K.L.:
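One structure, as structure tokens, below. Some questions next.
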Amino acid sequence: MKRLFLTAQAAAFACLLSAQAQEKKDYPQPEPMRPGMSEYWTPQPKVVAPGDIKQAGAPSDAIVLFDGKDLSAWTNADGGKAEWTVKGGVMTVDKSKGDILTRQKFGSFQLHLEWCVPKGITGESQARGNSGVFLQDMYEVQILDCYGNETYVNGMTGSIYKQTPPLANAMRAPGEWNVYDIIYTAPIFKEDGTYLYRPFVTVIQNGIVIQNHTEIQGTTEYIGFPRTVKHGDGPIRLQSHGDPSQPISFRNIWIRPL
Ligand code: MG
């Protein structure tokens with residue numbers, strides 16, 4: 001009996017040793033991600049020339065986020081007063097001040113904004129009028145001058161950044177105003193922090209559908225894969241990108257919570 005007990009003890013000890021050995025085993029680690037690993041350049045979406053669109057005023061039930069007068073609906077990303085330049089009914093990115101965010105937080109919404117790349121802008125690929133609108137401060141719809149300027153397609157104008165290219169290149173030339181109408185459905189999370197329903201977005205640029213009820217995979221990372229980060233309502237963020245090209249401008253921004 002004693003011998004049997006000792007044998008069982010020895011077996012348990014051997015098991016423990018083997019588990020420890022497994023823990024110490026060196027497995028290959030994932031390669032460090034580089035930006036180019038999540039960028040692809042083909043096929044380039046077709047170029048579609050937008051029709052004429054009149055400047056639209058805000059609907060009666062919209063929350064006006066920028067009517068050309070001031071940035072009272074916005075803060076700097078550090079929480080201070082928003083300090084981009086406001087002049088002639090237009091706000092222009094001040095790259096020394098960083099991103100700005102709406103003071104109010106939103107769930108699902110319809111968002112309208114107009115943006116303009118300055119005439120004579122220089123630079124290429126991502127370094128040409130780069131900005132972006134972040135939905136709930138999490139998911140970037142890219143803003144970039146892609147008028148005759150190619151870049152990786154999942155990072156071009158109207159892409160869900162590093163995820164889904166736009167269905168068309170609907171750019172107006174630098175110096176002309178582009179219109180985004182964005183219909184966004186906020187995600188629902190499980191208690192464990194994973195998605196029960198991912199976010200969805202439809203984007204219309206200058207009257208042309210460029211994202212059609214697109215499922216957003218997770219956060220829009222510059223390096224690496226989309227991440228799942230549980231969140232609630234969030235602000236709209238406008239990006240002050242660090243590229244050296246001339247800063248872009250915005251006007252006529254309003255939102256209707258859905
Ligand atoms: Mg951007």
Side-chain angles (χ1 to χ4, degrees), residues 33-41 44-45 65-66 74 76-78 82 84 91-102 111-118 121-172 174 177-182 184 199 201 203-206 210-211 214 216-227 229 234-251 253:
M33 291 293 291
R34 297 188 304 276
M37 288 177 166
S38 52
E39 299 165 4
Y40 62 100
W41 288 68
Q44 289 280 333
L65 296 175
F66 180 65
W74 301 81
N76 262 356
D78 63 9
W84 289 6
M91 67 155 127
T92 301
V93 176
D94 182 334
K95 294 194 183 192
S96 69
K97 306 294 185 191
D99 298 354
I100 62 170
L101 292 85
T102 56
L111 172 68
H112 175 99
L113 74 157
E114 301 177 15
W115 51 275
C116 181
V117 171
I121 191 161
T122 54
E124 58 182 41
S125 188
Q126 294 286 303
R128 187 180 168 97
N130 198 330
S131 179
V133 50
F134 285 76
L135 318 176
Q136 293 194 302
D137 201 18
M138 301 297 290
Y139 313 110
E140 182 182 9
V141 176
Q142 176 68 302
I143 291 175
L144 187 71
D145 177 26
C146 281
Y147 188 86
N149 171 45
E150 288 187 340
T151 186
Y152 46 93
V153 293
N154 58 341
M156 66 181 286
T157 312
S159 62
I160 309 309
Y161 185 67
K162 291 280 182 106
Q163 295 182 24
T164 311
L167 294 166
N169 179 338
M171 283 297 303
R172 290 190 200 279
W177 285 89
N178 286 274
V179 180
Y180 268 0
D181 287 290
I182 298 175
Y184 172 74
V201 69
V203 181
I204 301 168
Q205 182 183 3
N206 302 326
I210 56 169
Q211 297 286 348
T214 301
I216 299 174
Q217 299 304 314
T219 58
T220 46
E221 303 289 329
Y222 173 48
I223 297 174
F225 301 114
R227 290 184 304 126
V229 178
I236 304 297
R237 176 187 288 257
L238 296 179
Q239 187 183 43
S240 162
H241 192 273
D243 78 78
S245 67
Q246 300 87 327
I248 80 161
S249 299
F250 294 88
R251 72 178 184 191
I253 308 176

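The structure presented is a predicted model; accordingly, all values stated were derived computationally and were not measured. Numbers here simply count residues along the sequence, with the first being 1. One-based numbering, in listed order, for ligands and for the atoms of each.
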K.L.:
Do the rings of W41 and Y152 sit parallel, tilted or perpendicular, given the 30° and 60° boundaries?
P.N.:
perpendicular
K.L.:
Measure the acute angle between the ring planes of Y161 and Y222, then classify it against the limits of 30° and 60° as parallel, tilted or perpendicular.
P.N.:
parallel
K.L.:
So, the side chain of Q163 versus the backbone of G218: is there a donor-acceptor pair under 3.5 Å, distance only?
P.N.:
yes
K.L.:
Whether the S159 and Q142 side chains hold a donor-acceptor pair (N or O, under 3.5 Å, no angle test) is what I'd like checked.
P.N.:
no
K.L.:
Taking the N/O/S atoms of E140 one by one, which is nearest to the Mg ion (ligand 1)?
P.N.:
OE2
K.L.:
Report yes or no: does Q126 have an N/O/S atom closer than 2.8 Å to the Mg ion (ligand 1)?
P.N.:
no
K.L.:
Between the Mg ion (ligand 1) and Q142, is there an N, O or S atom separated by less than 2.8 Å?
P.N.:
yes
